[in-house]
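Presented below is the structure to which this report refers.
Reminder, nothing fancy here: chain letters follow the sequence lines and each chain counts from 1.
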Protein chains: 2
Amino acid sequence: MANIQQVAQKAGVSVATVSRVMNNSSSVTASTRQKVENAIKELNYEPSVLGRNLRTSESRLILVLIPSISNPFYTEIINGIEDTSIKNGYNILLCETDSSVERENIYLNMIKNKLVDGAISMDPAVNMEKLNQLALDYPIIQCSEYEEGGIIPYVTINNELAAYQAVKHLIKLGHERIALVNSDEKFLYARQRRQGYDRALKEYHLPIREELIYHTDYLEFDYGIQAMRKLLEVQEKPTAVFAVSDTLAIGALKEINQSGLQVPNDIAVVGFDKISFSNMTNPSLTTISQPMYKMGCTAATMLINSVVGKKVENIVLDHELVIRDSTMG
Amino acid sequence: MANIQQVAQKAGVSVATVSRVMNNSSSVTASTRQKVENAIKELNYEPSVLGRNLRTSESRLILVLIPSISNPFYTEIINGIEDTSIKNGYNILLCETDSSVERENIYLNMIKNKLVDGAISMDPAVNMEKLNQLALDYPIIQCSEYEEGGIIPYVTINNELAAYQAVKHLIKLGHERIALVNSDEKFLYARQRRQGYDRALKEYHLPIREELIYHTDYLEFDYGIQAMRKLLEVQEKPTAVFAVSDTLAIGALKEINQSGLQVPNDIAVVGFDKISFSNMTNPSLTTISQPMYKMGCTAATMLINSVVGKKVENIVLDHELVIRDSTMG
DNA sequence: ATTAAATTTGTAATCGATTACAAGTTATGA
DNA sequence: TCATAACTTGTAATCGATTACAAATTTAAT
């Protein structure tokens with residue numbers, strides 16, 4: 001690969017002029033510009049991003065941290081982030097942390113090293129201490145999961161309200177024994193969805209039965225199966241299940257079918273996220289639709305604003321209850 | 001962020017010595033090493049990857065190109081790539097091309113710009129001309145999809161054999177009208193799987209009926225539904241369907257259920273890939289299991305070998321037919 | 001004690017760009 | 001025509017590391 005001096009030499013100009021042509025910054029005569037452009041073409045020159053970034057200390061690269069690429073919830077968000085970033089001349093660097101502090105550190109250090117201009121974190125298990133510390137010096141946005149009262153700007157939905165509406169929908173259908181398949185309540189979204197569940201039950205004077213509340217360690221299908229298996233062992237079985245993710249809900253669906261019961265007649269199921277697969281199950285899944293693409297776009301916009309020095313505000317987006325066959329056959 | 005000269009000054013040594021401590025290359029006395037390490041700790045110094053890479057022209061970053069993050073097929077491969085990379089001191093940069101030449105170029109240019117040390121491509125729609133040209137100068141590996149007789153090393157499975165076995169399985173169960181839901185045969189894997197399908201039918205003296213072969217433009221669920229809808233309109237309906245991806249097969253399953261027919265009694269279904277969802281459908285999906293994790297590991301190993309200058313050979317990994325409920329109720 | 005060999009440390013060039021400032025060139029107006 | 005303003009171009013410093021090579025120091029051998 002040719003470098004800028006070779007181009008300058010071939011064009012018979014200085015490196016400064018070549019740089020000016022590349023960035024069409026200050027004025028260059030048409031004739032010299034032509035000479036330089038010819039040299040560039042002849043040598044097939046492309047500027048070294050490394051050299052440039054070292055000098056300008058910007059990379060036009062955005063770090064996106066996700067816990068796991070296998071969770072379909074993130075895919076739409078990422079599409080939003082990517083589209084918005086590219087539109088603004090940034091590229092994204094997608095990094096899977098597996099919720100491992102070690103990996104997370106490797107990636108977060110990129111921001112200190114000027115390898116990226118900022119980061120969007122979507123990992124609920126992120127090391128908030130480290131993130132807050134970094135956020136003092138560098139642009140960081142939290143997407144979907146966040147810290148209440150923290151210093152890092154975030155985009156999210158109203159989890160409490162969404163859960164409330166999901167459960168209320170079940171209650172309106174006549175259900176009284178409604179199970180909750182939640183994840184670990186160390187996560188804020190889990191606590192918020194739990195609050196919504198509680199509020200709906202209280203509002204309709206239904207008791208909160210601990211035996212109908214199950215916590216899983218992970219959001220994968222298998223854990224949904226596990227959860228449902230336990231819930232079906234309860235003396236008075238639930239007639240409806242609200243799971244805090246579609247993956248869990250689909251696992252539950254599978255286990256209910258397996259046990260010979262019918263959805264929604266014997267047990268109704270509601271999920272959360274509206275992942276694309278939620279429409280492929282049999283029956284199709286009632287779920288809360290998060291505006292995932294828009295969330296991604298918003299997060300990216302916020303981050304880029306933050307990178308260029310603008311002040312950004314927290315944003316709460318609207319969600320929607322999507323009623324399908326798993327609650328109304 | 002402190003830089004190396006500040007550390008040198010604080011420790012009362014030269015920058016060269018600091019660099020030596022950082023890379024524990026040549027010998028440094030215990031006492032000076034101590035001084036430097038103290039200074040590093042005090043200033044909270046972390047070396048600039050940009051400066052280092054510019055000098056050494058290596059980044060210890062690997063580019064991974066996938067067409068779409070929403071296809072679950074890639075997730076396990078990526079896990080394999082990531083684990084192997086990290087074990088060898090490399091990090092990965094995951095990039096979604098959406099099979100867009102423009103985006104692809106942006107990312108592929110990173111390799112010329114020394115932002116990454118090499119690339120693993122998994123995009124069947126990749127611009128082979130550009131990729132081949134790059135491969136002359138830089139380490140590149142193709143994973144899963146590849147070019148026959150090309151110059152780029154690849155890791156894959158025997159697609160023809162896998163398809164042959166899948167169809168043979170259906171034939172052995174007594175099926176004679178077996179539909180094929182294929183993707184565009186401009187892709188090598190599609191042509192190979194088609195060959196396997198043809199071979200199995202021929203071997204058992206069954207006719208190849210064009211009306212039972214459907215090509216889709218994309219691999220998403222919706223296209224499986226579309227395909228099945230068409231196939232159900234055929235005069236003599238198929239009694240079995242072989243789809244070249246699980247996502248398509250799951251779409252087909254959904255459409256069969258929707259139309260009131262039973263899987264596998266009315267129509268049997270076989271997929272390809274063994275994505276994690278394939279076990280969540282009702283009934284669970286018979287499918288070809290690709291060793292995705294291992295494929296990822298292999299691709300990463302090959303690339304790293306290539307980066308350090310070793311010669312690498314093409315590798316064909318073993319697959320497996322996983323028989324589940326969608327073919328044998 | 002003296003010299004040679006081995007080890008440790010420092011100086012300065014280098015990677016490939018950008019950019020302030022200086023210098024050179026052209027255009028403008030009296 | 002000449003002074004001045006406006007515009008082009010070039011020189012050289014800079015970003016933050018690594019690393020030959022040189023210099024200084026320590027160790028070993030006589």
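For A:E104 and A:K130, the salt-bridge test fails: no basic side-chain N is under 4.0 Å from an acidic carboxylate O. The residues A:R60 and A:E58 are annotated as salt-bridged, a charged nitrogen and a carboxylate oxygen being separated by less than 4.0 angstrom. A:R103 and A:D123 are not joined by a salt bridge, as no carboxylate oxygen comes within less than 4.0 angstrom of a charged side-chain nitrogen.
The residue B:S57 sits apart from the nucleic acid: no heavy atom pair falls under 4.0 Å. Using a 4.0 Å heavy-atom distance criterion, A:L50 is classed as making no nucleic acid contact. Across all strands shown, A:V49 has no heavy atoms under 4.0 Å from either base or sugar-phosphate atoms. If you check every strand for non-hydrogen atoms under 4.0 Å, B:N23 touches sugar and phosphate atoms only.
Remark: B:Q6 CD is packed, more than 12 non-hydrogen atoms of other residues, nucleotides or ligands lying under 6.0 Å away. Counting non-hydrogen atoms of neighbouring residues, nucleotides and ligands closer than 6.0 angstrom, the OH atom of B:Y138 exceeds 12 such neighbours. Atom NZ of B:K294 is surrounded by 12 or fewer heavy atoms from other residues, nucleotides or ligands within 6.0 Å.
When each of B:R55 and B:S31 is assigned the nucleotide of DNA chain C bearing its nearest heavy atom, the one mapping closer to the 5' terminus is B:S31.
For the residue pair A:N79 and A:E82, no side-chain donor N or O sits within less than 3.5 Å of a side-chain acceptor on the partner.
Of all the residues in residues 12-22 of chain B, B:A16, B:S19 reach under 4.0 Å from DNA chain D with at least one non-hydrogen atom.
Put simply, the side chain of A:L317 reaches to within 4.5 Å of the side chain of A:T298, judged on heavy atoms.
Of all nucleotides in DNA chain C having an atom under 4.0 Å from a heavy atom of chain B, the first and last in 5' to 3' order are C:dT8 to C:dG16.
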